[in-house]
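Naming: A, B, ... by sequence-line order, numbering from 1 per chain.
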Number of protein chains: 2
Amino acid sequence: MQRRCGKKDNWWCGRFKGLGYKLTFSRQAVLDVLSNTDSHLSAEEIYQRVYKLAPKVGLSSVYRTLELLVEIGLVSKYDFGDRRSRYELGQGIQGDNHHHHLVCTGCGKVLNYTDFIDQELELLKKTEKALSKKYNFRITNHLIQFYGVCRRCSDGKTAGI
Amino acid sequence: MQRRCGKKDNWWCGRFKGLGYKLTFSRQAVLDVLSNTDSHLSAEEIYQRVYKLAPKVGLSSVYRTLELLVEIGLVSKYDFGDRRSRYELGQGIQGDNHHHHLVCTGCGKVLNYTDFIDQELELLKKTEKALSKKYNFRITNHLIQFYGVCRRCSDGKTAGI
DNA sequence: AATTATTTGCCATTCCTTTTCAAAGGTTAA
DNA sequence: TTAACCTTTGAAAAGGAATGGCAAATAATT
Ligand SMILES: [Mn+2]
Ligand SMILES: [Mn+2]
Ligand SMILES: [Zn+2]
Ligand SMILES: [Zn+2]
């Protein structure tokens, strides 16, 4: 449309082309949004941010791009209980930003944490190994979330996202 | 409608009444279904089983009952990635049937496992304690799921639930 | 049996997500 | 560059899980 894949020739260009996918304007836009946030955006929220940069990109394309990104492992998709999926750039276990989540059931706030992540990973590794053998599963990923009530919410304040 | 709360005066009767909820026919039916399965049923599936015993019970009531059961902690609600919530009788961490899940991303099959559950719980306890303090969360629950591909699915067979 | 607040059934409705399909885009080869 | 080819897109409609509204039914209590 305007620019080709290039721009800053991001690290994901290679991954895309290698798999035979075209690095289109829409996809680039979604990736740009995802790489410029540290929160867990919904498809709609991503769409709104994409809209500011590229109003012609449709919501369907955002959904389709997200689906693709999840499939090729560039993005993780989460359910935090607010009835819509939320997305985050990052490549599962092997990524350097691997972390788990702390979710407030009062206001929906989500925190990343990495405390004890090493010990967690050690235990997970052991568990994975045993489960793989016992249940004949090839384990590829895991999900850990803690649920609780944040300070603000337990102080009576009703809500607030 | 036919029978009152009684029947066999199940263990959940007390819990219900204690909280001021009426133990109605519909609710009893949902609980009956949940207590007679070891799989992770969706609302629709629960409704279909309830329908066989009590065709007059509506889908809304099933949803409302499930919501209530989750709220009072008798039932756990899960998202295994197939775009509908799934429910399981059991009371979180303190229950004697506490377990975690192994999900096949190919066919959607879900296994319960309890291997290493003691060590997991130990680590979780430690983590919870640290996170509580650090992030000012009162932690009430946790979720652990492993994702992988089951034998059948990795053997090429396409699907099968 | 009468009373009363709760709960239900049966819609319709909401809202996230997917599908459809013709038009536009990117990629490669001439 | 141009042409050919397959992929991807945008707009709109459809799908589908879950929820809301309301009069009628019901469980618990008197
Ligand atoms: Mn995160
Ligand atoms: Mn289970
Ligand atoms: Zn909160
Ligand atoms: Zn499978």
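In this model, a donor atom of one side chain and an acceptor atom of the other lie less than 3.5 Å apart for B:Glu88 and B:His99. Inspection of the B:Ser39 and B:Thr37 side chains reveals an N or O donor paired with an N or O acceptor under 3.5 Å. With no hydrogens or angles considered, no side-chain donor-acceptor pair links A:Tyr47 and A:Glu45 at under 3.5 Å.
For A:Leu68 and C:dT18, the CG to P distance is 13 Å, given to the nearest whole Å. Atom CG of B:Leu59 is separated from atom P of C:dT7 by 19 Å (rounded to the nearest Å). Whole-Å rounding puts the A:Asp82 CG to C:dC15 P distance at 14 Å. Here the P atom of nucleotide C:dT6 and the CZ atom of B:Phe16 are 15 Å apart, to the nearest Å. For the pair A:Arg27 CZ and C:dG26 P, the interatomic distance rounds to 11 Å; values are reported in whole Å. At whole-Å resolution of the value, CD in B:Gln48 and C1' in D:dA17 are 14 Å apart. The distance between atom NZ of A:Lys22 and atom C1' of C:dT27, rounded to the nearest whole Å, is 6 Å. Per the geometry, CG belonging to B:Leu19 stands 11 Å off P belonging to C:dT7, to the nearest Å.
In this structure, B:Arg83 reaches the C:dT18 phosphate: one of its side-chain N or O atoms is under 4.0 Å from OP1 or OP2. Contact between the side-chain N/O atoms of B:Tyr63 and the OP1/OP2 oxygens of D:dA18 is found at a separation under 4.0 Å. Contact check, B:Ser26 against C:dT7: no side-chain N or O comes under 4.0 Å of OP1 or OP2. OP1 or OP2 of D:dA17 has not a single side-chain nitrogen or oxygen of B:Ser85 nearer than 4.0 Å. Between B:Ser61 and C:dG9, a side-chain N or O to OP1/OP2 separation shorter than 4.0 Å is present.
Place B:Thr65 and A:Tyr87 on DNA chain C by their nearest nucleotides, and B:Thr65 ends up nearer the 5' end.
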What are the atom names and distances for every N/O pair under 3.5 Å that joins the protein to nucleotides 10-12 of chain C?
unit_1, atom_1, unit_2, atom_2, d
C:dC10, N4, B:Ser60, OG, 3.1
C:dC11, N4, B:Ser60, OG, 3.4

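Residue pairs meeting the side chain to side chain donor-acceptor pair (under 3.5 Å) criterion with at least one partner in residues 113-123 of chain A, sequence neighbours excluded, are A:His100-A:Glu120, A:Tyr113-A:Glu120, A:Asp115-B:Lys134, A:Asp115-B:Tyr135, A:Gln119-B:Lys126.
Listed nucleotides D:dC6, D:dA18, D:dA28 differ in distance to B:Lys17; the shortest reach to its side chain belongs to D:dA28. Considering only side-chain atoms of B:Arg84, the nucleotide from D:dA18, D:dT8, D:dA27 that sits closest is D:dA18. Closest to the side chain of B:Thr24, from the set C:dA5, C:dT8, D:dT8, is C:dT8.
For the atom pair CH2 of B:Trp12 and CG of B:Leu69, the computed distance is 9.5 Å after rounding to the nearest 0.5 Å.
Scanning for side chain to side chain donor-acceptor pair (under 3.5 Å) contacts around B:Arg84 gives an empty result, with sequence neighbours left out.
Ring geometry, B:Tyr78 versus B:Phe80: the interplanar angle falls under 30°, so the pair is classed parallel (tilted spans 30 to 60°).
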